[in-house]
Amino acid sequence: MLNPQQLAAVEHCDSPLLVLAGAGSGKTSVITQKIAYLIARKKLNPSKIAAITFTNKAAREMRERVGQLVSTEDAAALTVCTFHALGLKFLQIEHARAGLRRGFSVLDADDSNGIVKELAPRPVGGGGVKPDVLFGIRNLLSRAKNGGLSPEEALAAARSPRELEAATIYDMYQQRLAAFNAVDFDDLIRLPLRILESDAECRDAWRERFRYLLVDEYQDTNDAQYRLLKALTGERGGITCVGDDDQSIYAWRGANPENIDQLGRDWPNLRVIKLEQNYRCGKRILRAANQLIANNPHLHDKKLWSEHPEGAPIRVLECKEAEHEAERVAALATTLAEKHKARWHDIAILYRGNFQARVLEKALRLARIPYHLTGALSFLDRAEVKDLLCYLRLLTNPSDDAAFLRVVNVPKREIGSTTLEKLGQLAQSRQSSLLDATRSDSVLRQLTPRPAAALASFSGLLDELRSASLHESAADLVELILKRTGYAAQIAASTTDASVRERKLGNLKELADWFRAMQKGGNSAGDLASQLALLSHADRDEPGNAVRMMTLHSAKGLEFRFVFIVGCEDGTLPHEGAIDEGRIDEERRLMYVGITRAKELLTLSWSAKTKRYGDVHNNQPSRFLHELPQADLHWQGKDPEADKEAVRETAESHMAKIAAMLAGG
DNA sequence: ACGATTTTCAGCATC
DNA sequence: TGAAAATCGT
């Protein structure tokens, strides 16, 4: 079942292990088999094993696959979660060491952006903070946090006036979070790290708690995450990191692929095993991928090989314009379905930027091809879901001012910005949270009567809900909140059309169902809200049998029989900004990731002309196309005959469908 | 407090 | 170009 390299990776437990796992080389098998091996052969208690991933989706898949190898009991005892979920777990236990009280909140990106916005210096001419200034500060702040720096350290490390300003804001920002009894996403890594690095007693306890760590997508770790792993592992070296330097495509958001080499510096007894047999792609596709990536500098040479058949040549569609390209892709997808009996979900269309999806959608709709956009709108980003989670946060953690501000006037309670600003000042002067302030008669007396009454009734409502939360299940609590806050009524009364209303109510019902499903663990509603803050969209609704459309980034880790990569143009892939800044290598890896998604047939396409922000842009084919083995490519020019052929095929298939419908109905 | 108008931006996007 | 946010005006 396992090849010799995979087996070696599974059985090597005596020193830290780095597994350089090429695309499609069975890395998940290695991790899951190794977990089973540690339990069965090394007699390790499953509760002492942690498998760490980056996404919830990966964690869920890992749990599923490991569930097939070990007993239900052992599977339940394992820790299989994301870095951030691990950090949350840590802080829920060690909250006191981080200066947090029980029931602390996890702020999402919007909440923390809101805080930064408030703290950022207002331009002298009045008005709001400029978005790019805000963005810059957020960036510096996140970088400091990802580097594991405390506000004091960031202040000391600041070199430029901008960094100094950001560090000052960082300090105020953390004070604000402390007042809210809240942490942000970055803190879920940074705070555990700080505790582990400074508190030997705690560190020893956690090293005992987790005897073996397995890390997936290791090339995506940032500095703080690496230090967390290092602190948790210690000299004993019970760690296996699985990653692929050629699939490092997240440097732009702080991932540090250098961590791959850092491992050997920190543990001189590191063992390195390469997995080079690919079980996914045809030989041709693999040859193309290898030749492309050979243009990147490498510390560890790695050459993927496959026992699969050669496969069809890689097609390169040369198109006049983007509309054209989309039509041809749609026509070819139809051909695949008809002539090659492909299911729609065997087909994926990949692109560099989300904006490219629009023209493709249009063409697919026209060709009556069902499609699904991955990673478009997030379930948890829906306003109604967020509102409800904020109600739960506020019930668990009355200090959570961010949640208070979000829901205090939702649904409308005639509490406007003027009132809230005043309330904010009063709360600050008496050193209390906003919610606490609304309970004080002296505070209410200093406000105008109407808003004061509205605030008082709001806090009364929350008190009522809080007492209900003690004996209601989380799912019932959701229903109760909807009813008692008038949220459900507001949705029902909204003037928007019925489909929107239904969708909102559907989302909320789904949230309640979700809580019901998660209830088993005996978690409180607040715990569930914290965990939910860490969930993302990718694992939502099942796309069913539909063509999958997504960015190259979100395609990582997936595979499809038939893959189209559109927009292979210089300026798009590689992206213009990346060319300017000399960051071609990461773009090339992105292309590499895209190519290696294809199992059977790969089709690349580019357009000579694309509309860019209104005006027309002339393109050159992507330099990456020239880096591929030309003997394996089949260039299909923009000659009109090819198009006619495609259009005719689409038309024929329509006729066939209509005929079938008529015959069937 | 809300709706109309102007301005701005356009790359990926986890937790 | 077009969507979303910021600003303006009532």
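Below, read A as the first sequence line, B as the second, and so on, with proteins coming before strands; counting in each chain starts at 1.
- Remark: Lys117(A) is not in phosphate contact with dA5(C), judged by side-chain N or O atoms under 4.0 Å from OP1 or OP2.
- Residue Gly577(A) is out of contact with every strand shown, counting any heavy-atom pair closer than 4.0 Å.
- When the P atom is compared between dA5(C) and dC12(B), the two are found 15 Å apart, to the nearest whole Å.
- A ring-centre distance under 6.0 Å is not found for Phe404(A) and Phe180(A).
- Each of Leu590(A) and Asp186(A) lies near DNA chain B, and the nucleotide nearest Leu590(A) is the one positioned closer to the 5' end.
- The side-chain ring of Trp252(A) is stacked on the base of dC12(B), judged by centre separation under 5.5 angstrom and plane angle under 30 degrees.
- Taking the nucleotide of DNA chain B with the nearest heavy atom to each of Thr551(A) and Ile415(A), the more 5' of the two is matched to Ile415(A).
- The side chain to side chain contact (heavy atoms under 4.5 Å, CB included) test with Arg589(A) singles out one residue from Ile293(A), Asp245(A), Leu292(A), and that residue is Ile293(A).
- Rounded to whole Å, the P atom of dA13(B) lies 23 Å from the corresponding atom of dG2(C).
- No side-chain donor from either of Arg253(A) and Ser142(A) sits under 3.5 Å from a side-chain acceptor of the other.
- Between Asn354(A) and dA13(B) there is a side-chain N or O to OP1 or OP2 distance below 4.0 Å.
- Counting any heavy atom pair closer than 4.0 Å across all strands shown, Glu587(A) reaches a base atom.
- Taking 4.0 angstrom as the limit, Thr82(A) places none of its side-chain polar atoms (N or O) nearer than this to OP1 or OP2 of dT14(B).
- Looking at the side chain of Arg358(A), the nearest of the listed nucleotides dC12(B), dT14(B), dG2(C) is dG2(C).
- The aromatic ring of His553(A) does not sit over the base of dA13(B); the criterion of centres under 5.5 Å apart with planes under 30° is not met.
- Between Trp252(A) and His553(A), the ring planes lie perpendicular to each other; the angle is over 60°, past the 30° to 60° tilted range.
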